[in-house]
2 protein chains.
Amino acid sequence: MKRPTMKDVARAAGVSPMTVSRVISGESAVSPDTTARVEQAVRKLGYQRNDNARNLRSKNLGTSTIGLVVDDLANPFYALMARSVEDEAHRRGYLVLVGSTNDEPRREQEVVAAFCARQVDGLILVPTIGNHGFLKQPMEGGTRVVCVDRPAKGLAVDTVTVDNRAGANRAVTHLLDHGHTRIAYLGDRFGIWTQRERYAGYLEALAARGVTEDPELVRHELRSQPDAAAALAELRALRHPPTALFTSNDLITIGVMDGLGQAEGGLFERIAIVGFDDFPLAERLSPPLTVVSQDPVALGSTAANLLFSRIDGDRSAPRSVILLTRFIVRGSGETRAAGRRPV
Amino acid sequence: MKRPTMKDVARAAGVSPMTVSRVISGESAVSPDTTARVEQAVRKLGYQRNDNARNLRSKNLGTSTIGLVVDDLANPFYALMARSVEDEAHRRGYLVLVGSTNDEPRREQEVVAAFCARQVDGLILVPTIGNHGFLKQPMEGGTRVVCVDRPAKGLAVDTVTVDNRAGANRAVTHLLDHGHTRIAYLGDRFGIWTQRERYAGYLEALAARGVTEDPELVRHELRSQPDAAAALAELRALRHPPTALFTSNDLITIGVMDGLGQAEGGLFERIAIVGFDDFPLAERLSPPLTVVSQDPVALGSTAANLLFSRIDGDRSAPRSVILLTRFIVRGSGETRAAGRRPV
DNA sequence: GTGAAAGCGCTAACAC
DNA sequence: GTGTTAGCGCTTTCAC
């Protein structure tokens, strides 16, 4: 009932284990006759090579395994990225270990350590806010690392991100173009790099038009849809409520849409919305959502390609790749501010 | 620049490798004094144990790694399942290898073989249509297997599914209750078990009310949203178009909603829809969608718990767990058939 | 409490 | 073309 080993196959075929090894790996030349005998024994015993043992001995080949560490694998954005990474890995005969961090530095460290203990050849990492000194040792040991979606503070590795700041700037400028000056910002945790960048883009856009930021209109740390809906309710209760919203990720956008749905029908026609992140059915909402769209598949495949080129021996200086977002106009961002003319 | 080994640590601490091993694993008793010396050497060298080598020697512990094989990791349904499996694994100190099959038996076999070559302790599998004889050898070798979402034909393993047939029956009965008799079925590939079950539920519901199936109203093999939208257009062009639709997964439901959106506003109010699978924003569509909802997180955690109980030594006969779906009424399925009275 | 020897399953390096 | 020896990094086993 135990798994057969090469020794078992060798005995069954009447050859040495080394010959079996050669037949299995197909590298070295073996006579057709013995090859056949070995292959028959393999089939008879249902032998399959133990790749862990193999990798232990031949250190020049790695383990053909990479680790993918994301915030949350259940998030559709990271799920798409993961699939894209997996496809690139599969093409090259690599396997993928996955782990979610929940954005907790401690869990990130645990997952990375466990992956490195398994001798992964490389790591694709959506880094948490935490410190990444723990990566130094594995990297010196030969584990390649690529960051994706956000950079890791003080870590000199290839990094793939999107132009969060420019994308947000574009969105807010669009709202300004339609006559809005009271534009609220609804964001997730300010500790997350992408959120800080998007907020910076928001400020940049306002500043470029000479609009002063109103702290009353800025809400960070919205962690869920209900959070976002609640923030919206607060904003609308202000003496001078916003006429437009910039929501800085899909979760918040959806939460806000829910909040609007619960309000009286007439009102929400007045509020313009542009959101960061596209999502399924965004164009079927009323009004259809104008969004800044990023491409998780491109993020994943770009990161994977960078990683594999490093694994294949590229030792050049770390690169930083910035992918472009797309601005998709669908209607929700084109509502004009009441009583104002466009610029 | 190479990774330090236990030997290196031993030398640095002036002890034998065996003592280092004992300190690292913390099993056996080591004097506080030497423990401290070893720990210091570990820190100094940045030593981390090679778990592959460890697993090779100690066969009684497994590799603490499981494999998760799904149709498509990018599918939100499987992404949620994967996250749930990963959480269960993490709790127990296991790692998760993931692979997507695209529902291709060949790729399934490749992925499973690669996982088994890495000596995974267990496999959670969304099986393709193909034959699963290739699992026999690994299972005899000790790899535990659990199927989830669908059973594998002729494979005696624990299986976790939902009551697809009953859920579909419930949905179609609901439409019949609202006076519909011309109810179209829009389904994905008939080769997929869940789709056959849902279709069976559709037929059962019709039969229970003495409604004869009209083959004109049945469309299988819809692989994408455009496929679904096209099928809808065909159905509406019939001389006797359906007054209600049962869509057998989220992708098809969304495709149909898109098709309806493109039609003239007045018309689509007349067609009732109930879909299998809930999804974000389903309640924000117009009309809000009535759906049969299944819980991917429960599927994943149930499968994981079964797997780990097997890994922990449970040798009882294979179990089949069927989770219940929920029927969620939101409006789209409650439109009455024109000129008819409810039952 | 600690160490020496052997070996997990495989392959690199060298024989022949 | 094939076999032998040694050893990857660790732990089991048995000694002390």
Side-chain angles (χ1 to χ4, degrees), chain A residues 2-39 41-42 45-64 116-121 138 141-143, chain B residues 2-39 41-42 45-64 116-121 138 141-143:
Chain A
K2 289 261 54 115
R3 265 191 176 75
T5 73
M6 271 194 180
K7 227 155 115 184
D8 301 322
V9 176
R11 194 173 319 126
V15 296
S16 79
M18 196 56 228
T19 301
V20 177
S21 173
R22 285 194 256 257
V23 171
I24 301 283
S25 64
E27 306 272 280
S28 195
V30 179
S31 85
D33 184 45
T34 54
T35 300
R37 287 222 314 289
V38 168
E39 279 170 348
V42 164
L45 299 179
Y47 171 74
Q48 205 201 11
R49 180 173 60 195
N50 180 334
D51 277 353
N52 287 342
R54 170 190 170 83
N55 295 331
L56 183 59
R57 185 62 178 95
S58 39
K59 305 250 62 172
N60 46 332
L61 333 163
T63 54
S64 295
C116 290
R118 301 305 200 287
Q119 315 296 113
V120 293
D121 297 333
T143 307
Chain B
K2 289 264 57 130
R3 263 190 178 76
T5 72
M6 271 193 179
K7 227 155 113 185
D8 301 323
V9 176
R11 194 172 319 126
V15 295
S16 79
M18 197 53 232
T19 301
V20 178
S21 173
R22 285 194 256 256
V23 171
I24 301 284
S25 65
E27 305 275 280
S28 194
V30 180
S31 85
D33 185 45
T34 53
T35 300
R37 288 225 310 291
V38 169
E39 279 171 348
V42 164
L45 298 179
Y47 171 75
Q48 206 202 11
R49 180 173 61 194
N50 180 335
D51 277 352
N52 287 341
R54 170 190 170 83
N55 295 331
L56 183 59
R57 186 63 178 91
S58 41
K59 304 251 63 174
N60 47 333
L61 334 162
T63 54
S64 296
C116 290
R118 299 310 198 286
Q119 315 295 110
V120 293
D121 297 332
T143 308

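Per chain, numbering begins at 1; letters A, B, ... match sequence-line order.
In this structure, B/Val15 and A/Pro4 both approach DNA chain C, and ranking their closest nucleotides by distance from the 5' end singles out B/Val15. Residues B/Thr34 and A/Leu56 both approach DNA chain C. Their nearest nucleotides, taken by heavy-atom distance, put B/Thr34 toward the 5′ side.
Of the options A/Met6, A/Glu39, A/Arg3, a side chain to side chain contact (heavy atoms under 4.5 Å, CB included) to A/Tyr47 is made by A/Met6 and by none of the others. Remark: of the listed residues A/Thr19, A/Val9, A/Val42, A/Val42 is the sole one forming a side chain to side chain contact (heavy atoms under 4.5 Å, CB included) with A/Ile24.
A/Asp8 has its CG atom 11 Å from the P atom of C/dC8, to the nearest Å. Rounded to whole angstrom, the span from the CZ atom of A/Arg11 across to the P atom of C/dC10 amounts to 13 Å.
Closest non-hydrogen pair, A/Gly14 versus A/Arg37, comes out as O-NH2, 3.8 Å. Taking both residues in full, the closest heavy atoms of B/Asn52 and A/Gln119 are given as ND2-CG, 3.8 Å, listed atom of the first, atom of the second, then distance. Closest approach of A/Ala10 to A/Ser16, counting heavy atoms only: CB-C, 3.7 Å.
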Original post:
How does each nucleotide of nucleotides 11-16 of chain C score, in 5' to 3' order, for protein heavy atoms under 4.0 Å: base (B), sugar-phosphate only (S), or none (-)?
Top reply: BB----

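Inter-residue side-chain proximity for A/Glu27 and A/Ser21 is flagged as unmet; no heavy-atom pair is nearer than 4.5 Å. When side chains are defined from C-beta on, B/Val38 counts as touching B/Val15, because their heavy atoms get closer than 4.5 Å. A heavy-atom distance below 4.5 Å is found between the side chains of B/Leu56 and A/Leu56.
You can see that DNA chain D meets the heavy atoms of chain A within a 4.0 Å-exclusive cut from D/dG1 to D/dG9, reading 5' to 3'.
Within the structure, a side-chain polar atom (N or O) of B/Thr19 is placed less than 4.0 Å from OP1 or OP2 of C/dG3. Note on B/Ser31: a side-chain N or O is less than 4.0 Å away from OP1 or OP2 of C/dT2.
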